[in-house]
J.: 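Please read through the structure below; I'll follow up with questions.
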Amino acid sequence: MSRIGNKLIPIVDGLEVKINPDNVEVKGKLGSDVVKYDPNLLKIEVEDGNIKITRLNEEKFTKQIHGTTRALLNNAVVGCMEGYKKVLEIVGIGYHADMKGNDVVLSVGYSHPITISPLEGVTIKVIETKNKEVNSAIEVSGQDKFAVGQTAALIREVRRPEPYKGKGIRYQNERILRKEGKRAGK
């Protein structure tokens with residue numbers, strides 16, 4: 001029994017949903033998206049202002065794909081209407097980020113600056129912060145949840161936060177487990 005697959009997806013004002021034989025087209029104020037599904041396993045229909053997904057059989061794979069398809073369709077609806085956003089913080093003396101066109105240039109302790117290009121449909125902004133600990137912040141936003149998360153992960157991978165001083169690039173409100181140094185135990 002899929003609890004997620006059985007949930008209805010509400011259709012809000014300004015959202016257009018078109019159900020084709022093997023995909024669902026979603027159009028909203030921020031753009032459009034297409035979610036593919038298998039019509040031999042699932043039935044997608046619009047009833048009473050909601051999108052309803054039902055499975056056509058009770059096989060194991062059908063049960064598995066039921067919740068996944070519903071989650072992908074919900075992500076498309078939210079992305080087309082509201083969009084997704086992730087904020088990364090840069091912590092460390094001399095660490096900072098600058099914009100160069102659409103790309104972000106990171107100076108995070110290496111001998112050279114590192115340039116990261118966003119994936120298609122994703123925008124990056126550098127925000128100056130007033131927090132003493134955080135030098136600058138990077139806002140990654142877009143319509144596609146996967147693309148926003150992947151771009152944020154590529155930026156974070158340049159200098160992951162280290163556990164001793166906490167320097168590096170981390171997600172906003174991410175909790176870094178801190179370790180004591182060698183001399184602290186003596």
Side-chain angles (χ1 to χ4, degrees), residues 1-56 61-90 97 99-104 106 116-131 134 136-157 169-175:
M1 179 171 108
S2 175
R3 294 181 183 151
I4 293 179
N6 291 331
K7 289 184 179 180
L8 300 176
I9 303 170
I11 299 174
V12 296
D13 292 337
L15 184 71
E16 294 178 28
V17 177
K18 182 181 178 188
I19 300 172
N20 298 324
D22 64 342
N23 63 31
V24 179
E25 295 178 21
V26 180
K27 290 183 185 176
K29 61 183 179 183
L30 295 180
S32 62
D33 202 356
V34 176
V35 178
K36 295 184 179 184
Y37 72 97
D38 190 349
N40 299 325
L41 303 177
L42 301 172
K43 179 182 175 186
I44 300 178
E45 57 193 358
V46 175
E47 68 176 37
D48 300 330
N50 294 316
I51 301 172
K52 182 179 179 183
I53 303 171
T54 54
R55 32 181 204 262
L56 299 177
F61 181 73
T62 305
K63 290 179 179 180
Q64 292 170 346
I65 205 73
H66 186 208
T68 302
T69 303
R70 191 263 178 208
L72 291 173
L73 192 55
N74 188 55
N75 290 345
V77 168
V78 172
C80 290
M81 292 306 291
E82 301 168 17
Y84 290 97
K85 177 175 79 167
K86 286 192 179 267
V87 178
L88 296 117
E89 299 173 338
I90 300 176
M99 292 299 297
K100 185 176 184 181
N102 292 334
D103 303 341
V104 64
L106 303 169
I116 302 288
S117 300
L119 296 178
E120 187 177 335
V122 177
T123 58
I124 299 176
K125 289 193 305 190
V126 174
I127 307 165
E128 296 302 322
T129 61
K130 296 177 182 170
N131 188 347
V134 178
S136 59
I138 302 169
E139 181 181 289
V140 182
S141 60
Q143 167 195 335
D144 187 7
K145 187 175 186 178
F146 171 77
V148 170
Q150 185 64 30
T151 303
L154 290 173
I155 293 171
R156 183 179 185 270
E157 197 63 31
I169 302 172
R170 63 182 179 204
Y171 294 111
Q172 188 177 35
N173 299 326
E174 180 182 6
R175 191 167 157 250

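Residue numbers count from 1 along this sequence. Atoms considered below: every heavy atom in the structure, side chains included; atoms not considered: hydrogens, waters and symmetry mates.
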J.: Indicate yes or no: at least one non-hydrogen side-chain atom of Ile127 is less than 4.5 angstrom from one of Ile138.
T.: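 They are not in contact (no side-chain heavy atoms under 4.5 Å apart), so the answer is no.
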J.: Under a 4.5 Å cut-off applied to non-hydrogen side-chain atoms, are Lys125 and Met99 in contact?
T.: no
J.: Under the side chain to side chain contact (heavy atoms under 4.5 Å, CB included) test against Val24, which residue among Val77, Ile44, Asp33 passes?
T.: Ile44
J.: CG of Leu88 to CG of Leu106: how many Å apart, nearest 0.5 Å?
T.: 9.5 Å
J.: Listed by chain and number, what are the salt bridge (charged side-chain N to carboxylate O under 4.0 Å, His left out) partners of Arg170, not counting sequence neighbours?
T.: Glu89, Glu133
J.: How many angstroms lie between atom CD of Gln150 and atom CD of Glu157, to the nearest 0.5 angstrom?
T.: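 The distance works out to 10.0 Å.
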J.: Among all residues two or more places apart in sequence or in another chain, which pass the salt bridge (charged side-chain N to carboxylate O under 4.0 Å, His left out) test with Glu45?
T.: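 Scan of Glu45 (salt bridge (charged side-chain N to carboxylate O under 4.0 Å, His left out), adjacent residues dropped) gives Lys43.
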J.: Suppose we screen for side chain to side chain contact (heavy atoms under 4.5 Å, CB included). Which residues come up paired with Pro39, at least two apart in sequence or across chains?
T.: Asp22, Tyr37
J.: Determine, stepwise, if the pair Cys80 / Lys27 fulfils side chain to side chain contact (heavy atoms under 4.5 Å, CB included).
T.: CA-CA 6 Å; Cys80 290; Lys27 290 183 185 176; over 6 Å; no
J.: Ile11 and side chain to side chain contact (heavy atoms under 4.5 Å, CB included): which partner among Asn50, Asp48, Ile51, Val26?
T.: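 For Ile11, the side chain to side chain contact (heavy atoms under 4.5 Å, CB included) test succeeds with only one of Asn50, Asp48, Ile51, Val26, which is Ile51.
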J.: Roughly how far apart are Arg70 CZ and Leu42 CG, rounded to 0.5 Å?
T.: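 If I round to the nearest 0.5 Å, the distance is 13.0 Å.
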J.: Suppose we screen for salt bridge (charged side-chain N to carboxylate O under 4.0 Å, His left out). Which residues come up paired with Lys52, at least two apart in sequence or across chains?
T.: Glu47
J.: Could you point out which residue of Val148, Val140, Asp144 forms a side chain to side chain contact (heavy atoms under 4.5 Å, CB included) with Tyr84?
T.: Val148
J.: Test of understanding: with side chain to side chain contact (heavy atoms under 4.5 Å, CB included), list the residues that count as partners of Asn23, not counting sequence neighbours.
T.: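 In terms of side chain to side chain contact (heavy atoms under 4.5 Å, CB included), with neighbours along the sequence ignored, Asn23 is linked to Asn20, Glu25, Val34, Lys36.
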J.: Could you work out, with side chain to side chain contact (heavy atoms under 4.5 Å, CB included) as the rule, every residue matching Glu128, not counting sequence neighbours?
T.: Val126, Ser136
J.: When the side chains of residues 116-123 are checked against the rest of the protein, which donor-acceptor pairs come out under 3.5 Å, sequence neighbours left out?
T.:
unit_1, atom_1, unit_2, atom_2, d
Ser117, OG, Asp103, OD1, 3.2
Ser117, OG, Asp103, OD2, 3.4
Thr123, OG1, Ser141, O, 3.4
Thr123, OG1, Ser141, OG, 3.0

J.: Which residues pass the salt bridge (charged side-chain N to carboxylate O under 4.0 Å, His left out) test with Glu174, not counting sequence neighbours?
T.: Arg156
J.: Which residues pass the side chain to side chain contact (heavy atoms under 4.5 Å, CB included) test with Leu41, sequence neighbours left out?
T.: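 Residues passing side chain to side chain contact (heavy atoms under 4.5 Å, CB included) with Leu41: Asp38, Asn57, Phe61, Thr62, Ile65.
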J.: Look only at the side chain of Thr68 and the backbone of Gln64, and say whether a donor-acceptor pair between them is shorter than 3.5 Å.
T.: yes
J.: For the atom pair CG (Asn102) and CD1 (Ile124), what is the distance rounded to the nearest 0.5 Å?
T.: 8.5 Å
